[in-house]
Amino acid sequence: MLKTSEGTLDPSDWNAFRLQGHRMLDDMIDYLENLRDQPVWQPMPEEVKHSFQQALDDGQHDLENAYAIFLKNVLPYALGNVHPGFMGWVHGGGSPVGMLAEMLAAGLNANLGGRNQAPIEIERQVVQWVRELFNFPESASGLFVTGTSMANLLGVLIARTARLGASVRHKGLTSDNRQLVAYTSAGAHVSIVQAMDIAGLGSDALRMIPVDSQHQIDIAALELAIAEDKKSGMMPFFVAGTVGTVGVGAIDNLQAIAELCERENIWFHVDGAYGALAMLAPDIAPRLQGIEHADSIAFDFHKWGQVPYDAGFILVRDGELHQNAFASPAAYLRRENRGMAAGSPWPCDFGPDLSRGFRALKTWFTIKVYGAEKLGQVISNTCALAQHMQQRIEAELCLELLAPVALNIACFRYRGIDANRLNADLVVALQESGIAAPSTTTINGQLAIRAAIVNHRTTVSDIDALIDTTLELGSRIAKSIQS
Ligand SMILES: *Cc1c(COP(=O)(O)O)cnc(C)c1O
């Protein structure tokens, strides 16, 4: 039983609490130090799943007991994206410094909606670093959000209000408005589709423009689609280019999109969920040329930036348009020049969230401690590892590369009859092996093993382990399908 002091939630014995806290910290540091001794992932036994179906009050109210459950039933059955062998989806690896920063943030229990406090200045410091990184003007605004899905939604909403004027915020979309239409590539993330849906514009008003052989948006097709929509009396208002498509890691021709949007007076948004931070890597940044012309950029610190979840971000060139899309005066949020209600505008003026956590602190610590250069090296390194993976794939007769490796993602498959089934089974077997964990995608109707290298801990030996295990399990599964 955790004894608490006089009706509060604070412990009556701070020293015992301190010891327990130190044990937890030591255990988590051990865990990170010894990740390689653990499988990437392991299936959760039924009894572990069932252990989370207890009644609201089990009468046990004890920190040590709750922590024992965490150690036994949670820690071993997490997804494993901290592990160097994790290559599924696009997941960040986090970092030891980020973990400590999360603890500090929780201790402060800061609410970053606004008001006059140093945590807000930390968020403003990160906003300033982001402006600098993308060569955006001082007047640009930035906001932490959960992730790029949310940032893409904000991008659509800001572009809508910029186009129709602030009156759309009270009148809504009326029959006077021409139909707003948006454009992105067939390789874009589903969150752009969702953004159009949630914003009330309808996902049918999003044109999925075909991609070329490099999986980049086809600029001529984009131009044609805009011209046709204009001819039909619609109002093109938003183009989303992608840096690092979720399927294969392609980078759209941002310069060409920027010029087209400039000419057509269309909002140019970049979904750079994981790829935009390649600006930190001098060898990759030139391929993002044109991003500095974007009206808004959505990206995640929690992917390539290695900041613990969650830490999404939106940067908006015109901070005033950004604020106009969200600021909502309220009597209880009155601003002052002095006192705790000073320092307007506040983060809550730039998005739908009022109460907000201190995502900025773990990001600030990550950048401050590791430095932009080192973070950029991590990004370059994951791309070099993807090249190594490509070479290994191309050297094996049983393996077939299914898309060019543009950044840090390799898509390939094991050759054989009934290849889609074979490779789906193979990916599950790889995940269950605990050695390496890719995921899947579909490219031109072919099921691909998709390995996205995002984690700073991944090395050449992890890539080799993935390929070697793929060959071993692949041959076994191919035989079982044949027989
Ligand atoms: C991951 C990803 C998203 C979604 O970001 P979340 O942080 O998961 O919300 C959007 N677009 C692309 C290209 C992504 O890779």
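In listed order, ligands and their atoms are each counted from 1. As the structure is a prediction and not an experimental result, all values here were calculated from the model.
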Between Gln387 and Gln391, a side-chain donor and acceptor under 3.5 Å
no
What protein heavy atom lies closest to atom 2 (C) of ligand 1? Include the residue and the distance to one decimal.
Lys303 NZ, 2.4 Å
For atom 7 (O) of ligand 1, find the nearest protein heavy atom and state the residue, atom name and distance (0.1 Å precision).
Asp300 OD2, 2.6 Å
Phe412 and Tyr414: aromatic ring centres closer than 6.0 Å?
no
Give a yes or no on whether the ring-centroid distance for Phe299 and Phe134 is below 6.0 angstrom.
yes
What pair of heavy atoms forms the shortest contact from Ile409 to Gly249, and how long is it?
CD1-N, 3.8 Å
With a cut-off of 4.0 Å, which atoms of ligand 1 are near a heavy atom of His302?
7 (O)
Distance from atom 9 (O) of ligand 1 to nearest protein heavy atom, with residue and atom:
Ser149 OG, 2.6 Å
Could you check whether Phe365 and Tyr370 have their ring centres less than 6.0 Å apart?
no
Atom 12 (C) of ligand 1: closest protein heavy atom, distance to 0.1 Å, is Ala273 CB, 3.2 Å
Looking at Phe326 versus Phe350, is the centre-to-centre ring distance below 6.0 Å?
no
Do the ring centers of Trp304 and Tyr274 come within less than 6.0 Å of each other?
yes
Of all the atoms in ligand 1, which lie at a distance below 4.0 Å from a heavy atom belonging to Ser191?
10 (C)
Ring centres under 6.0 Å, that's the criterion: do Phe268 and His293 meet it?
no
So, is Tyr274 polar-close to ligand 1, with some N/O to N/O distance under 3.5 Å?
no
To which protein heavy atom is atom 11 (N) of ligand 1 closest, and what is the distance rounded to 0.1 Å?
Asp271 OD2, 2.7 Å
Which one holds for Thr148 and ligand 1: side chain close, backbone close, both close, or neither close, with close meaning a heavy atom under 4.0 Å?
both
Per-atom contacts, ligand 1 versus Gly147 - under 4.0 Å to a heavy atom:
7 (O), 9 (O)
Contact between Gly244 and ligand 1, counting heavy atoms under 4.0 Å?
yes
